[in-house]
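One structure below.
Here, residue 1 is the first one in the sequence, and each next residue gets the next number.
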Amino acid sequence: MRRAGEPPSPGGDRGSAGPGTGVGVGAGTAAPRGPAAADTPMGSERTEMRKRQMAATQETPGTAQAQHNMGNRGPNACCFCWCCCCSCSCLTVRNQEEERARRTSHELQAEGIPNCEESPAPTLEEVNAWAQSFDKLMLTPAGRNAFREFLRTEFSEENMLFWMACEELKQESNKSVIEEKARLIYEDYISILSPKEVSLDSRVREVINRNMLEPSQHTFDDAQLQIYTLMHRDSYPRFMNSAIYKDLLRSLSEKSIEA
C-alpha cells in the first residue's frame with residue numbers, strides 16, 4: 001500500500017498482481033512455460049533422435065551384409081571376399097590342383113602304352129621294303145617304331161598311338177574290358193578337351209558318338225581309317241625323306257657291306 005500523495009512505484013507492488021496479468025511478478029520465476037518454450041528442448045531431442053536413426057539405418061545394410069557373408073564363409077572363405085580381384089588365391093590353387101590331376105591322369109594312361117613295341121632290329125631288306133608302301137611300313141613292329149619316332153619329332157605321335165589303341169581294342173572279347181578301353185580311347189583321342197585329340201571330321205565324330213552308346217571292338221573303325229589315311233598321305237612321304245629313315249638305311253647298308 002502506498003501513502004496518499006506518494007507517486008506509484010515504477011515496478012508496482014511486488015505482492016500484488018496487476019490487472020490482466022493473472023499472476024504476480026513473484027510467481028513469474030516459477031510460471032509455467034508456454035508452448036514455444038516447451039517445444040524447444042523436445043524439438044532438439046527429436047532432431048537428435050532422427051539423426052541417430054538415420055545414421056543407424058545407413059550402417060545397418062552394410063553391417064548386415066557383412067554379418068551375412070561372414071556367416072556363410074566356409075573353408076573357402078576368400079571366395080566370398082568383397083575384393084574385386086578376379087583371381088582369388090583359393091580359386092587359383094584349386095584350378096592348379098585340378099589341372100595337375102588332369103595331367104597326371106593322362107600321363108598315367110600314357111604310361112600304359114610302351115615307348116616302343118618289342119621287336120628285333122630291322123634288316124636291310126625290311127627297311128628297303130618300307131619305301132615300297134606305307135602298308136609294309138605299318139605291317140612290322142620295327143617299322144611302326146621307326147615311324148612313331150619320326151611322328152614324335154613332328155608332334156603328331158598321337159595319330160600312331162590312336163591307331164595302335166584301336167588295334168588293341170579289336171583284340172578284346174570281354175564286354176566290360178571293351179567298354180573301359182573304348183572310354184579311355186574316347187577321352188584320350190576323341191574328346192576336344194584332350195591334349196592328344198586327333199583330327200577327325202564331324203561325320204566321323206557323329207558316328208563315334210552313336211557307337212559309344214553301345215561300345216564294341218569296332219567303335220572307332222571309321223576314325224582309325226581316317227587317321228591311317230592321314231598318316232599315309234601327310235606324314236609318310238616326309239618320313240621317307242627324314243634323317244631318321246636315311247640314317248637307319250645307311251647304317252644297315254654299311255653293316256651289310258662290312259659283313
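Rounding to the nearest 0.5 Å places CG of Asn145 at 15.5 Å from CZ of Phe150. Within the model, atoms CG of Leu151 and CE of Met160 stand 6.0 Å from one another, a figure rounded to the nearest 0.5 Å. From Glu179, atom CD reaches atom CG of Leu184 across 12.0 Å, with rounding to the nearest 0.5 Å. Annotation: the span from Glu157 atom CD to Ser235 atom OG amounts to 12.0 Å, rounded to 0.5 Å. Separating the CG atom in Asp222 from the CG atom in Asn211 is a distance of 7.5 Å, to the nearest 0.5 Å. To the nearest 0.5 Å, the span separating OG on Ser253 from CG on Leu124 amounts to 4.5 Å.
In this structure, the side chains of Glu180 and Val177 stay at 4.5 Å or more apart for every pair of heavy atoms. Glu158 is not listed as a side-chain neighbour of Glu197, based on a closest heavy-atom distance of 4.5 Å or more. Using a 4.5 Å heavy-atom threshold, the side chains of Thr123 and Leu252 count as separate. In this structure, the side chains of Leu230 and Trp163 stay at 4.5 Å or more apart for every pair of heavy atoms. In this structure, Tyr236 and Met231 have side chains that are not in contact, with every pair of non-hydrogen atoms separated by 4.5 Å or more. In this structure, the side chains of Ser194 and Tyr186 stay at 4.5 Å or more apart for every pair of heavy atoms. Considering only heavy atoms from C-beta on, Asn174 stays 4.5 Å or farther from Ile178 through its side chain.
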The test is salt bridge (Lys or Arg N to Asp or Glu O under 4.0 Å); show your working for Arg148 and Glu154 and say whether it passes. CA-CA 10 Å; Arg148 180 178 170 184; Glu154 292 198 334; over 6 Å; no

What's the verdict on side-chain contact (heavy atoms from CB on, under 4.5 Å) for Val207 and Asp221, showing C-alpha distance, side-chain angles and the deciding distance? CA-CA 10 Å; Val207 171; Asp221 282 0; over 6 Å; no

Give the intermediate values and the outcome of side chain to side chain donor-acceptor pair (under 3.5 Å) for residues Asp135 and Ser133. CA-CA 5 Å; Asp135 293 338; Ser133 70; 5.1 Å; no

Would you check, one step at a time, whether the test side chain to side chain donor-acceptor pair (under 3.5 Å) holds for Gln171 with Gln217? CA-CA 8 Å; Gln171 307 302 319; Gln217 301 99 318; over 6 Å; no

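A salt bridge links Lys170 and Glu167; the closest N-O separation between the charged side-chain nitrogens and carboxylate oxygens is under 4.0 Å. Under 4.0 Å is where a charged nitrogen must lie from a carboxylate oxygen, and between Glu126 and Arg144 no such pair does. Salt bridge present: Glu187 and Arg183 bring a charged side-chain N and a carboxylate O closer than 4.0 Å.
The nearest pair of heavy atoms linking Gln226 to Ser199 is OE1-O, 3.8 Å. Contact detail for Ala146 and Phe239: the closest heavy-atom pair is O-CE1, 3.7 Å. Shortest non-hydrogen contact noted between Ile208 and Thr219 is CG1-O, 4.3 Å. Scanning both residues, Cys166 and Ile185, for their nearest heavy atoms gives N-CD1, 4.3 Å. The nearest pair of heavy atoms linking Ala182 to Leu169 is N-CD1, 4.3 Å. Across every non-hydrogen atom of Arg205 and Ile192, the tightest pair is NH1-CG2, 4.4 Å.
Annotation: Tyr189 is not in aromatic contact with Phe220 [ring centroid separation under 6.0 Å not met]. Between Tyr245 and Phe147, the gap from one ring centroid to the other reaches at least 6.0 Å.
The side chain to side chain contact (heavy atoms under 4.5 Å, CB included) check on Asp247 picks up Ala243, Arg250, with sequence neighbours excluded. For Glu214, the side-chain hydrogen bond (donor to acceptor under 3.5 Å, both in side chains) test picks out no residue, with sequence neighbours left out.
Under the 4.5 Å side-chain heavy-atom criterion for Ile, Leu, Val, Met, Phe, Trp and Tyr, Phe162 and Tyr228 are members of the same hydrophobic cluster. Hydrophobic clustering of Ile, Leu, Val, Met, Phe, Trp and Tyr side chains at less than 4.5 Å, counting indirect connections, unites Ile244 with Leu248.
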